[in-house]
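Scroll down for the structure; my scribbles are underneath it.
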2 protein chains.
Amino acid sequence: MKPENRKEEIVITAAKLFKEKGYSAVTMRDIAKAMGIKAASLYNHISSKQEILKNIIISLAEQFTQGMSLIKNSNSNSLEKLKQIVILHVDITARNTFGMASLNNDWMHLEEQLEHYLKLRHNYEDDLRNIINQGINSSEITNSNPDIMLFSMLSTLRSLYLWVPKKEDLNPKEFANELSKVFINGIKK
Amino acid sequence: MKPENRKEEIVITAAKLFKEKGYSAVTMRDIAKAMGIKAASLYNHISSKQEILKNIIISLAEQFTQGMSLIKNSNSNSLEKLKQIVILHVDITARNTFGMASLNNDWMHLEEQLEHYLKLRHNYEDDLRNIINQGINSSEITNSNPDIMLFSMLSTLRSLYLWVPKKEDLNPKEFANELSKVFINGIKK
DNA sequence: ACTTCAAACTAACACTTGTTAGTTTGAATT
DNA sequence: AATTCAAACTAACAAGTGTTAGTTTGAAGT
């Protein structure tokens with residue numbers, strides 16, 4: 001039986017600091033100070049700094065993988081699937097703004113888990129690309145460069161962690177809905 | 001008369017490494033090794049690690065500011081201005097993929113120049129927001145949440161450094177043109 | 001040949017890093 | 001009252017950090 005609570009506190013505190021300064025610039029002493037304890041005490045709950053990063057990133061990456069799996073196997077059409085993907089990103093980001101910063105900016109500091117992470121990310125991108133291509137084939141989506149659409153969507157969705165916290169007035173559902181409209185219809189009147 | 005060439009080499013080498021691992025994770029010894037010299041030798045050309053970061057980021061930030069100034073004072077309509085902004089980003093990014101990573105991810109490690117940088121960035125965002133609002137007023141742009149359009153565009157443009165190097169087949173002009181189409185018309189057929 | 005000087009070097013510094021070992025605390029359980 | 005144990009502590013480590021001081025190298029200009 002592990003003290004899962006205290007460990008979770010450490011991971012959350014660390015994620016907050018990682019968002020501000022990045023993994024490498026945050027020291028174990030920084031994390032400890034933010035919790036009001038000494039650095040050595042952290043090791044009663046976690047085994048290494050690396051383990052904190054792994055906990056933040058891998059759990060998020062797997063949430064995305066799982067969400068994508070549901071969406072791609074649903075029988076919605078492509079545009080509906082894309083909307084659901086926007087919702088997936090907004091939801092996960094809204095529940096974990098701090099961790100999303102690490103997922104985006106500190107994944108390269110993963111050690112043992114780097115390969116696993118890269119595999120998940122690659123598969124996720126492939127799934128998204130497939131949905132776009134299916135949309136082009138079914139004439140739901142305009143037949144221009146699918147990589148550019150993929151890039152544009154993914155860049156925006158990956159940056160959500162920077163904007164979601166600033167838009168607390170808009171609830172996640174509304175935010176996702178407005179954002180989908182921009183992707184799908186563009187900004188032109 | 002300063003050895004501006006060697007200094008520039010250091011800055012470029014550092015930017016490459018900063019892109020891979022981030023400012024904090026790159027040591028002066030890393031930079032030196034990449035140039036085939038010893039860390040202490042770097043100090044014949046630069047005064048500190050911080051100065052390298054400043055050189056990378058501030059020059060880029062000022063290029064954006066200058067470009068924006070030309071665009072906002074032109075007498076194009078709003079959609080044309082937005083196209084020109086896409087071109088601005090693609091051009092600067094294509095000429096400096098490494099530095100753009102630092103601009104996006106390491107600006108918070110600026111010290112003396114942090115305030116200056118934040119001011120430039122804030123003004124840039126305001127200018128872009130104004131162009132969008134003008135487009136809404138002139139009925140060129142759809143009257144939905146302008147912050148979401150701003151966010152979507154800016155996220156994509158800021159992530160260009162990740163994608164431009166992978167798309168060497170597409171020339172910058174074409175890339176910018178395709179990307180503008182996605183922003184303006186969306187992905188729907 | 002002599003001087004100059006950019007640009008490299010060696011050696012060292014004070015400080016910070018992640019982490020370990022061993023110890024103390026204090027509340028809950030027996 | 002005695003025991004247990006999670007969770008804190010102090011003290012220390014080996015390695016790595018940015019940076020400085022002083023020295024050597026070697027090509028270019030006189």
Side-chain angles (χ1 to χ4, degrees), chain A residues 1-58 98 101-102 105-114, chain B residues 1-58 102 105-114:
Chain A
M1 197 68 67
K2 269 291 174 63
E4 215 65 43
N5 279 352
R6 198 70 174 136
K7 179 170 174 176
E8 207 48 40
E9 278 183 65
I10 292 173
V11 171
I12 290 168
T13 305
K16 248 179 246 193
L17 297 177
F18 292 168
K19 186 186 176 195
E20 282 166 25
K21 307 167 55 179
Y23 176 75
S24 301
V26 174
T27 70
M28 296 302 278
R29 285 162 180 83
D30 289 337
I31 300 170
K33 183 169 266 181
M35 302 193 63
I37 61 177
K38 291 296 160 70
S41 306
L42 295 169
Y43 289 84
N44 287 320
H45 310 283
I46 49 104
S47 67
S48 65
K49 190 186 180 189
Q50 175 69 200
E51 196 205 347
I52 299 177
L53 186 66
K54 183 194 79 185
N55 264 268
I56 295 171
I57 293 184
I58 298 297
F98 305 119
S102 300
N105 304 323
D106 288 320
W107 57 267
M108 73 285 278
H109 299 117
L110 285 173
E111 291 162 14
E112 273 83 27
Q113 304 282 338
L114 178 57
Chain B
M1 198 65 70
K2 270 291 174 64
E4 215 66 42
N5 279 355
R6 199 70 174 135
K7 178 171 175 175
E8 207 48 40
E9 278 183 64
I10 292 173
V11 171
I12 290 168
T13 305
K16 248 179 246 192
L17 297 176
F18 292 168
K19 186 186 176 193
E20 283 167 24
K21 306 168 54 178
Y23 176 73
S24 301
V26 174
T27 70
M28 295 303 278
R29 285 163 180 84
D30 289 336
I31 300 170
K33 183 168 266 179
M35 302 192 64
I37 63 177
K38 291 293 160 73
S41 306
L42 294 170
Y43 289 83
N44 287 319
H45 310 284
I46 49 103
S47 67
S48 65
K49 189 187 179 189
Q50 176 68 200
E51 196 204 347
I52 300 178
L53 187 65
K54 183 194 79 185
N55 263 268
I56 295 172
I57 292 185
I58 298 299
S102 301
N105 303 324
D106 288 320
W107 57 265
M108 72 285 276
H109 299 117
L110 284 173
E111 291 162 13
E112 274 83 25
Q113 304 283 337
L114 178 57

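Hydrogens, waters and symmetry mates are skipped; everything else that's a heavy atom, side chains included, is used. Numbered from 1 within each chain, the chains take letters A, B, ... in sequence-line order.
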Practice task
Could you work out which one of C/dA8, D/dT19, D/dA8 sits closest to the side chain of A/Ile37?
Solution key: D/dA8
Exercise for the section: Could you check if a side-chain atom of B/Asp30 sits within less than 4.5 angstrom of a side-chain atom of B/Glu20, using non-hydrogen atoms only? Expected result: no
Problem - Options D/dG18, D/dA8, C/dA8, nucleotide nearest the side-chain atoms of A/Arg6 - result: D/dA8
Practice task
Taking only the side-chain heavy atoms of B/Ala40 (C-beta and beyond), determine which of C/dT10, C/dT19, D/dG18 contains the nearest atom.
Solution key: C/dT10
Handout entry: Integer-rounded Å distance: C/dT19 C1' and A/Glu51 CD
Key = 14 Å
Completion exercise
To the nearest angstrom, the CD-P distance between B/Glu8 and C/dA7 comes to 14 Å
Exercise for the section: Round to the nearest Å and state the distance from B/Asp30 atom CG to D/dG16 atom C1'. Expected result: 11 Å
Exercise for the section: Assess the side chains of B/Asn44 and B/Ser41: does a donor N or O sit below 3.5 Å from an acceptor N or O? Expected result: no
Problem - Atom-pair distance (CD1 on A/Ile10; P on C/dT19), nearest Å - result: 13 Å
Handout entry: Residue whose nearest DNA chain C nucleotide is more 5′ - A/Ser47 or A/Thr27
Key = A/Thr27
Exercise for the section: Ignoring backbone atoms, test whether B/Ser41 places a side-chain nitrogen or oxygen under 4.0 Å from the OP1 or OP2 oxygen of C/dC9. Expected result: yes
Exercise for the section: Side-chain contact test, heavy atoms from C-beta onward, threshold under 4.5 Å: evaluate it for B/Tyr23 versus B/Met108 and give yes or no. Expected result: no
Exercise for the section: Name the closest nucleotide to the B/Arg29 side chain, picking from C/dA12, C/dG18, C/dA8. Expected result: C/dA12
Handout entry: Of the listed nucleotides D/dT19, C/dT10, C/dT19, the one nearest the side chain of B/Ala39
Key = D/dT19
Problem - Distance in angstrom units between A/Met28 CE and D/dA8 C1', rounded - result: 15 Å
Exercise for the section: Could you check which of D/dT10, D/dT20, C/dT19 has an atom nearest any side-chain atom of B/Tyr43? Expected result: D/dT20
Exercise for the section: For the residue pair A/Leu53 and A/Glu111, establish whether any side-chain heavy-atom pair is separated by less than 4.5 Å. Expected result: no
Problem - Base D/dA6 to side chain A/Asn44, donor-acceptor N/O within 3.5 Å cut-off - result: no
Practice task
Would you please confirm or rule out a distance under 4.0 Å between OP1 or OP2 of D/dA7 and any side-chain N or O of A/His45?
Solution key: yes
Exercise for the section: Report yes if at least one side-chain N or O of A/Lys38 is closer than 4.0 Å to OP1 or OP2 of D/dA8; otherwise report no. Expected result: no
Exercise for the section: Whole angstrom is fine here: how far is it from CG in A/Leu42 over to P in D/dT10? Expected result: 14 Å
Practice task
Could you state the atom-to-atom distance from NZ of A/Lys7 to P of D/dA7 in whole Å?
Solution key: 12 Å
Problem - Whole-Å distance separating the CD1 atom of A/Ile31 from the C1' atom of D/dA8 - result: 17 Å
Practice task
Side-chain contact test, heavy atoms from C-beta onward, threshold under 4.5 Å: evaluate it for A/His109 versus A/Lys49 and give yes or no.
Solution key: no
